[in-house]
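Notes to accompany the following structure.
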Amino acid sequence: MAAPDCVLLRTLTRSRPGTGTNQASPSSPAVCRESLYVVDLQRYSRDQGSSVYFPQAVLNGEDLYDITLADGVCRLRVTLDPGLNRLVERNVLRPGSVLRNAAFVPAMSAQLPECPGASGDRDSYRLVRAEVTEDEDPDRRVQVDRDSLPWFGPAEPAGPLVPLRANRSVFLPLWNNVDYSGTAWTEAPPPEEEEEEEEEEEARRPAVTVSELRDSFLIGRRGAVKHQLIIRIINKSKLMYYGRRDRNCECPYKAVLEVCDRTGSVCVVLWNSVCVSWYRRLKPGDIISLRRYRVKQHYQAELDDIEISVNSRNPAARLAVLPESSVSPEYLPPAPSYSFYNSKELLDRPHGVVCDVIGLLTFSGRPERVRSDARGTELLEYRWLRLEDGTSDRPIMVKLFSTSQPESHRELHPLSVVVCSRLKLIRAADRTDGGFYLTTTTYTQVYCTGQGHHSEMSYRKLRPVRRFLRWLRSQDDGQVLSRALIGGFFMYPPPPVSLETYMKDRRGAPGFLRGAELQREVERLCYRERRTFCIQAAVTMVTYSRRGEEDRCLFWTDRSSSSSSSSPPSLPSTPRSFRPPLSSSSSFSPTSPSSAVSQLTPRPLDHRSGKSWRKRKQLLQVDTPKKRHPRVTLQPEQNNKTVILFEASMEFLENTNADQDDGDDDDDDEDDDEDTSSFVTAPLLPAVPPVAAETLPMRYDHSHREEQALAVAMGRGASGAGRFDAAVEDYYTLRLRALSDGVLVDAVFLPHSSSSSLSPPLLPHSNTWTSILSHGAFSSHTPVPAPADLIGMAAQLANQRLVCVLEACHLGGATTEVVLSRAFHLTT
């Protein structure tokens with residue numbers, strides 16, 4: 001029972017629903033005027049009965065959210081009104097947020113009495129309105145462990161927490177449907193299975209083989225099978241979630257295991273709650289004993305093939321993991337096989353080949369999401385990895401989607417040794433640059449330093465792996481650290497450098513957008529959702545800035561464009577600029593969605609011709625700016641220059657727990673001793689939004705690897721990326737005016753990062769604005785122009801019609817990243 005001084009108790013006492021009532025009137029909700037803290041957010045999919053609990057809400061999406069709130073004295077779980085889902089989808093409302101003027105209405109509980117964690121006599125509420133902010137004083141935030149706070153209501157929940165508004169037994173992760181979420185997914189087998197595992201100590205022999213099961217099924221013997229089957233897991237699929245709004249299933253999961261014994265191979269399908277109990281426990285290479293299962297015709301396969309269905313009922317399957325020593329040698333299943341290709345061998349492998357790779361991770365990209373091609377509504381989470389193995393100058397680029405291994409993905413720090421199995425080679429048939437990358441399949445698994453995987457897996461004894469380890473031990477920590485990066489904007493493979501090739505690659509993709517259409521599409525982006533857009537535009541302004549010093553910049557503006565864009569707002573041709581608001585506070589209700597569109601009144605800017613800039617550049621000295629002092633410095637390793645890589649290679653011999661050095665941050669508050677003449681302080685600076693900290697890749701800092709990983713992780717609030725050294729400090733911003741309707745778009749342009757070691761070699765070009773924009777980068781074959789020279793040459797862009805390729809990614813809250821990756825000159 002909550003204490004009398006509980007803010008939630010005082011707020012909600014007068015609005016408790018009576019016995020048997022459905023819902024109080026939404027027109028008079030109970031409003032909490034004091035601050036409430038968001039402790040947790042839990043997502044789940046709707047079922048057939050979910051709409052009953054939201055009679056006045058429009059259920060547009062598949063998801064519902066339960067939110068745990070605390071006031072420092074007690075805590076309460078409520079359901080988010082579906083009209084507020086956008087707050088979560090844009091990462092405005094997240095754990096750590098503060099709610100003010102939160103409005104609640106009572107609602108009946110959805111859970112059936114037999115569902116664990118449900119309680120029919122508990123109060124149930126729905127959050128219908130709130131002001132969402134970040135706490136300005138973190139010291140005031142709830143300091144008590146959230147699990148020790150009493151729950152609001154007459155009694156504690158019985159059993160694990162379950163969704164409030166759908167009969168589901170588990171929650172989904174916030175950002176994808178592939179990973180597992182919650183304490184119910186355990187690596188420990190159920191107690192009854194452990195007892196069965198200890199039943200027999202003598203050498204085990206199977207009662208039936210895979211071949212016998214197949215023959216029996218084909219001659220018509222169907223039904224449940226009780227005979228023991230002893231098999232080895234060869235491949236393990238990711239989790240597949242099939243929950244839908246028109247289906248009632250408490251645990252709609254399945255996973256597929258490719259298994260074998262000495263007589264053949266077969267697929268074993270784990271269904272529903274069996275996935276929760278066993279998915280994390282089972283891994284490729286394990287030998288399992290299986291009893292009480294059904295043999296069925298293989299789904300979407302040949303008529304003479306079978307699959308084994310494993311469920312929690314009809315019949316209740318019995319599984320156990322067996323040590324190899326307990327199986328009679330003549331019945332021991334064969335070990336998994338691997339097809340390791342190194343970077344040199346991949347250069348001439350055909351498109352679509354499936355392979356395994358091992359490499360030293362030198363770049364770990366930030367997690368992003370893309371729309372599923374199949375359904376269009378599901379967002380698939382992925383990140384880019386760059387692996388080196390010393391066999392060629394071309395690294396192995398991996399587009400790694402979620403593989404139902406969230407713990408392994410969190411450990412993907414640079415300087416880790418990474419093994420990825422069952423990857424598919426992607427090679428564009430009509431590209432001449434030889435670019436390729438690898439991406440995940442249904443059965444991809446990831447093994448990395450820090451998880452103890454390498455010492456357990458049979459691949460550690462293979463010749464390609466031993467050859468890689470010899471190369472790894474020859475590497476120097478310092479040299480690898482100098483090129484190791486984490487996070488930031490990244491795209492691969494880079495777009496073509498000609499408009500004709502680019503348009504050919506885009507066949508079947510949507511065409512050019514009008515400026516207003518681009519606005520709407522950008523506003524629809526969910527958190528970390530990435531999309532590519534094309535518009536026809538002209539450049540009206542170019543600025544050069546350094547991170548954190550945007551108040552001092554170099555810029556050029558098209559005077560004729562500026563004067564024409566100052567027409568009265570009533571004219572339909574008035575240019576508009578979409579730009580996120582600067583406020584970190586947002587107020588939302590189901591009927592008042594947020595908007596990132598604001599009107600821009602153009603301000604007069606100093607126009608300098610190319611001639612005057614060439615005269616001034618001698619005073620600017622921007623070609624040799626002094627480097628900023630790092631805020632976080634790398635702590636040098638003692639005594640051994642290759643400590644990190646040596647420890648990584650030792651994991652292939654035995655399990656090790658790598659020490660994590662939580663070094664103190666080197667926060668230097670003194671003014672940087674910089675050449676202030678590198679920038680012009682204009683009397684009236686252009687109103688250009690600064691680059692987001694998440695846009696610039698960070699130099700990897702091994703002593704602060706956990707902090708850097710958190711800075712780029714999904715769901716983080718105010719990013720900590722700005723605390724670390726960026727690999728690129730300077731950037732350009734181009735203001736584009738859509739030729740269709742005059743809408744203005746500010747796009748970041750990063751010619752330095754495109755020419756970094758992360759990208760394949762570039763073709764030589766002349767480093768004019770036209771060639772730089774079409775290649776997306778400076779040419780290393782000719783001298784790179786100084787910023788002042790490039791700004792001075794920006795007048796070349798006046799009145800040019802360009803096809804602009806924009807990469808948009810919503811970074812959370814009010815921040816949307818728009819990066820110009822290519823701009824092609826239209827000659828006609």
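Values in this document were obtained by computation on a predicted structure and should not be read as measured data.
Using modelled atom types and a 3.5 Å distance limit, the side chains of Arg100 and Thr133 yield a donor-acceptor pair. Judged by distance alone, the side chains of Asn101 and Glu131 do bring a donor and an acceptor atom under 3.5 Å apart. Checked by atom type, the side-chain pair Tyr382/Glu368 shows a donor-acceptor distance below 3.5 Å. Residues Ser312 and Ser273 have side chains that bring a donor and an acceptor to within less than 3.5 angstrom of each other. Side-chain contact check for Asn177 and Arg43: at least one donor-acceptor pair (N or O, by modelled atom type) lies under 3.5 Å. No side-chain donor from either of Ser402 and His409 sits under 3.5 Å from a side-chain acceptor of the other.
Salt bridge present: Arg371 and Glu529 bring a charged side-chain N and a carboxylate O closer than 4.0 Å. The residues Glu62 and Arg46 are annotated as not salt-bridged, no charged nitrogen and carboxylate oxygen being separated by less than 4.0 angstrom. In this structure, Arg280 pairs ionically with Glu407, as a charged nitrogen and a carboxylate oxygen lie closer than 4.0 Å. One finds no salt bridge joining Arg520 and Glu523 here, because no Lys/Arg side-chain nitrogen approaches an Asp/Glu carboxylate oxygen to under 4.0 Å.
Pairing each heavy atom of Leu525 with each of Arg90, the nearest pair is O-NH1, 2.7 Å. Among all heavy-atom pairs drawn from Thr68 and Arg75, the shortest one is CG2-CB, 4.4 Å. Contact record, Asp746 with Val818: O-CB, 4.0 Å, taken as the closest heavy-atom pair. When all heavy atoms are compared, the tightest approach of Tyr125 to Arg165 is O-NH2, 3.4 Å. Residues Leu239 and Ser404 share a closest heavy-atom pair of N-OG, 2.8 Å. Met240 approaches Val256 most closely through the heavy-atom pair CE-CG2, 3.9 Å.
The cationic group of Lys236 lies under 6.0 Å from the six-membered ring centre of Tyr279 and within 45° of the ring axis, placing it in a cation-pi geometry.
Applying the salt bridge (Lys or Arg N to Asp or Glu O under 4.0 Å) rule to Arg383 yields no partners; only residues at least two apart in sequence or on another chain are considered. Contacts of Asp179 classified as salt bridge (Lys or Arg N to Asp or Glu O under 4.0 Å), with partners at least two apart in sequence or in another chain: none. Scored by the ring pair (Phe, Tyr, Trp, His ring centres under 6.0 Å) test, Trp185 finds Tyr180, Tyr253 as partners (sequence neighbours excluded). In this structure Glu34 satisfies the salt bridge (Lys or Arg N to Asp or Glu O under 4.0 Å) test together with Arg10, sequence neighbours excluded. Residues satisfying the side chain to side chain donor-acceptor pair (under 3.5 Å) test with Ser50, not counting sequence neighbours, are Asp47.
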Yes or no on side-chain contact (heavy atoms from CB on, under 4.5 Å) for Phe171 and Asp40, after CA distance, side-chain angles and deciding distance? CA-CA 12 Å; Phe171 294 97; Asp40 200 5; over 6 Å; no
After noting the C-alpha distance and the side-chain angles of Asp63 and Tyr44, does the key distance pass the side-chain contact (heavy atoms from CB on, under 4.5 Å) rule? CA-CA 6 Å; Asp63 298 331; Tyr44 52 97; over 6 Å; no
Can Leu36 and Leu8 be said to form a side-chain contact (heavy atoms from CB on, under 4.5 Å), step by step? CA-CA 9 Å; Leu36 298 175; Leu8 289 167; 3.9 Å; yes
Can Gln48 and Asn248 be said to form a side chain to side chain donor-acceptor pair (under 3.5 Å), step by step? CA-CA 6 Å; Gln48 286 179 313; Asn248 285 337; 2.9 Å; yes
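Remark: Cys251 SG to Cys275 SG, distance not under 2.5 Å.
For the pair Arg247 (side chain) and Arg244 (backbone), a donor-acceptor distance under 3.5 Å is absent.
Between Arg77 and Leu164, the closest side-chain pair of non-hydrogen atoms falls below 4.5 Å.
Listed by first and then second residue, the salt bridge (Lys or Arg N to Asp or Glu O under 4.0 Å) pairs involving residues 806-818 are Arg366-Glu817, Arg530-Glu807 (not counting sequence neighbours).
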